[in-house]
Amino acid sequence: MITGPVWSGKLRAEIAKAVIGQDAVIERLLVALLANGHVLLEGMPGLAKTLLVKSLGTALGVQFERIQFTPDLLPSDVVGTMIFQPKTGEFTAHRGPIFANLLLADEINRAPAKVQSALLEAMQERQVTIGGQTQPLPRPFFVMATQNPIEQEGTYPLPEAQTDRFLFKLIVNYPSAEEESSMMQRWGQVTQQPELTAVSSGEELLALRHEVDAIHVSPAVQGYILALVRGTRALAENEGSAKKYLNFGASPRASLALFQSGRALAWLRGADYVSPALVQELAPDVMRHRVGLTYEAEAEEVTSDKIIAQVVERTPVPAK
C-alpha cells in the first residue's frame, strides 16, 4: 500500500512543473482531498491560485471544470437546466459544469447570493436538483474556490452558511524573491509552457481514505480539539469583557474539520496518530472563516488569526 509521503511526493513533483513554491498551500490542498473537504483560497491577483488548482486536477487525473463567477451568472449556468426536446415532447436534464470531480469556482464572491446558494446542496450533500430531480455528483467531488481580498466593488460577501462548508480557508501569500526569480527564468519564454500528466487517480484517492481513517486520535487529543473550538465560543459569549472581538465562535463543523484534517495531515507525513502540534498547526486554516469578528475588532485591526492564536495559547495542551 502506498504511503502518505510517497503519494504526496509524486503529486508535489508533478505540480511543481507548473507552480513554483506555495508548498504549505499545496500540502493543505492534499489534506483537503483526503479529508473530503472543500477549500477557499484567498490571495492577491497573480499568485497562481487558478493555475495551482488546475495543476492539481491534472496531476490527480480527475475531471476538472472551471467556472468564472460574474455578477450576471445564473444558477442554471452552474448546476444545469431542463431542456425541451421537440421530437419526444419531453424535458431532459442538461448537466452543468458542476458535474466534475474538481470544480474551480473562480472569484466566487463576484456572483450574487442566488448563484452562491446553488453550491450549498452540492458542497454538503454531493448532489444537485435539476427540475425537481435529484442527481448525484461524481465521486470524488470537491469545490475549490478563489476570491480576491482587496477588490470590493462588484463583489458579494459569502454568507456564513456557505463559508462554514469549506474545510479550509487558505491565505495565498507572495512568493519569495528566489521563487519569483525562478519563475522568470523558467516561464519567461512564451513558447515554454508546462505539460503535466496524471500521476494518481480518483479511484486511488478514494482507496487512500481508508488508510486515513485508520489514523489514531486519542481521547486526550479529541478533548483538545473540542477545547479549542469551544474556546472561540467562550470569547463570543463573554459579555463581561471590556473588549468583545467575536460575535460568534466556530461551529461544530470546525471540530469535525480539525479531527478529519488532523488524521489526513498525520498520514501525509507518515505518522500513525494525531498529535496536539498538528491540531495547533491546522487550527487557523480550519477556524479563520468560522468566527465572526465584531466591528470593534475590525476597527482595531484584530484579525481572526490573532484571536485563534490567543485561544491556542490559552488552551492547555494534553500531556503525552
Side-chain angles (χ1 to χ4, degrees), residues 4-5 7-16 18-44 47-60 62 64 101-106 108 123 140-147 149 163-176 179 200 205 208-209 211-212 215 225 228 250 253-271 274-291 303-305 308-309 312:
W7 184 76
S8 172
K10 66 180 183 180
L11 283 170
R12 285 170 176 267
E14 194 65 24
I15 295 172
V19 179
I20 297 176
Q22 304 295 354
D23 292 337
V25 174
I26 293 174
E27 184 180 55
R28 290 295 189 272
L29 293 181
L30 297 181
V31 168
L33 293 175
L34 293 166
N36 197 28
H38 312 290
V39 178
L40 179 62
L41 293 163
E42 182 176 283
M44 302 289 283
L47 296 183
K49 299 185 296 295
T50 301
L51 177 62
L52 174 58
V53 177
K54 183 177 180 181
S55 300
L56 176 62
T58 302
L60 194 60
V62 297
F64 170 82
N101 298 114
L102 179 56
L103 176 69
L104 172 59
D106 221 347
I108 188 173
M123 293 173 67
F141 172 75
F142 306 97
V143 174
M144 294 191 178
T146 68
Q147 67 178 13
T163 56
D164 197 32
R165 283 170 168 78
F166 286 101
L167 179 75
F168 293 144
K169 179 181 178 180
L170 305 179
I171 306 301
V172 183
N173 295 312
Y174 286 112
S176 66
E179 291 169 345
S200 185
L205 173 62
L208 292 178
R209 287 180 179 168
E211 300 295 315
V212 174
I215 299 298
I225 290 173
L228 289 174
R253 282 197 181 100
S255 304
L256 293 172
L258 278 173
F259 184 88
Q260 295 165 347
S261 61
R263 292 195 300 183
L265 183 57
W267 183 82
L268 272 182
R269 295 182 178 177
V274 178
S275 66
L278 289 182
V279 176
Q280 293 173 355
E281 185 179 339
L282 290 165
D285 297 329
V286 167
M287 293 195 289
R288 65 165 56 98
H289 56 298
R290 289 187 164 97
V291 297
T303 65
S304 56
D305 281 19
I308 295 168
V312 171

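Along the sequence shown, residues carry numbers from 1.
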message: I'd like to know whether F142 forms a side-chain contact (heavy atoms from CB on, under 4.5 Å) with L205, so could you lay out the CA-CA distance, the side-chain angles of the two residues, the decisive distance to 0.1 Å, and finally the verdict.
response: CA-CA 12 Å; F142 306 97; L205 173 62; 3.7 Å; yes

In residues 24-41, what donor-acceptor pairs under 3.5 Å come from side-chain atoms, sequence neighbours left out?
residue: E27; atom: OE1; partner: R269; partner atom: NH2; Å: 2.9
residue: E27; atom: OE2; partner: R269; partner atom: NE; Å: 3.1
residue: R28; atom: NE; partner: D285; partner atom: OD2; Å: 2.7
residue: R28; atom: NH2; partner: E281; partner atom: O; Å: 3.4
residue: R28; atom: NH2; partner: E281; partner atom: OE2; Å: 3.4
residue: N36; atom: OD1; partner: R126; partner atom: NH2; Å: 2.9
residue: N36; atom: OD1; partner: R209; partner atom: NH2; Å: 3.2
residue: H38; atom: ND1; partner: V143; partner atom: N; Å: 2.9
residue: H38; atom: NE2; partner: M123; partner atom: O; Å: 2.9
residue: H38; atom: NE2; partner: R126; partner atom: NH1; Å: 3.4

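Side chains of L102 and M144 form a contact here, defined as non-hydrogen atoms less than 4.5 Å apart. Considering only heavy atoms from C-beta on, F141 stays 4.5 Å or farther from N101 through its side chain. Side-chain atoms of T58 and F64, non-hydrogen and from C-beta on, never get closer than 4.5 Å to each other. Considering only heavy atoms from C-beta on, P175 stays 4.5 Å or farther from I20 through its side chain.
One finds the OG1 atom of T163 at 6.5 Å from the NE2 atom of H289 (value rounded to the nearest 0.5 Å). For the atom pair CZ of F168 and CE of M287, the computed distance is 12.0 Å after rounding to the nearest 0.5 Å. Distance OG1/T303 to CZ/R288: 9.0 Å, rounded to 0.5 Å. If you take CG on L268 and CZ on R263, they are separated by 13.5 Å, rounding to the nearest 0.5 Å. Distance CD/Q260 to CG/L167: 7.0 Å, rounded to 0.5 Å. Atom-to-atom distance recorded for I215:CD1 and W267:CH2 is 8.5 Å, nearest 0.5 angstrom.
The two residues V19 and S55 make their nearest non-hydrogen contact at CG2-OG, 4.2 Å. Smallest separation of non-hydrogen atoms from I225 and S255: CG2-O, 3.7 Å. Of all heavy-atom pairs between V291 and S304, the closest is CG2-CB, 3.7 Å. Taking all atoms of both residues into account, the shortest heavy-atom contact from A59 to L11 is O-CD2, 3.6 Å. In this structure, A283 and V312 approach most closely via the heavy-atom pair CB-CG2, 4.3 Å.
At least one donor-acceptor pair under 3.5 Å links the side chain of R290 to the backbone N or O of F166. For the pair K49 (side chain) and V172 (backbone), a donor-acceptor distance under 3.5 Å is absent. With E14 contributing its side chain and L56 its backbone, the two residues share no donor-acceptor pair below 3.5 Å. With S261 contributing its side chain and A257 its backbone, the two residues share a donor-acceptor pair below 3.5 Å.
Here K54 pairs with nothing under the side chain to side chain donor-acceptor pair (under 3.5 Å) rule; sequence neighbours left out.
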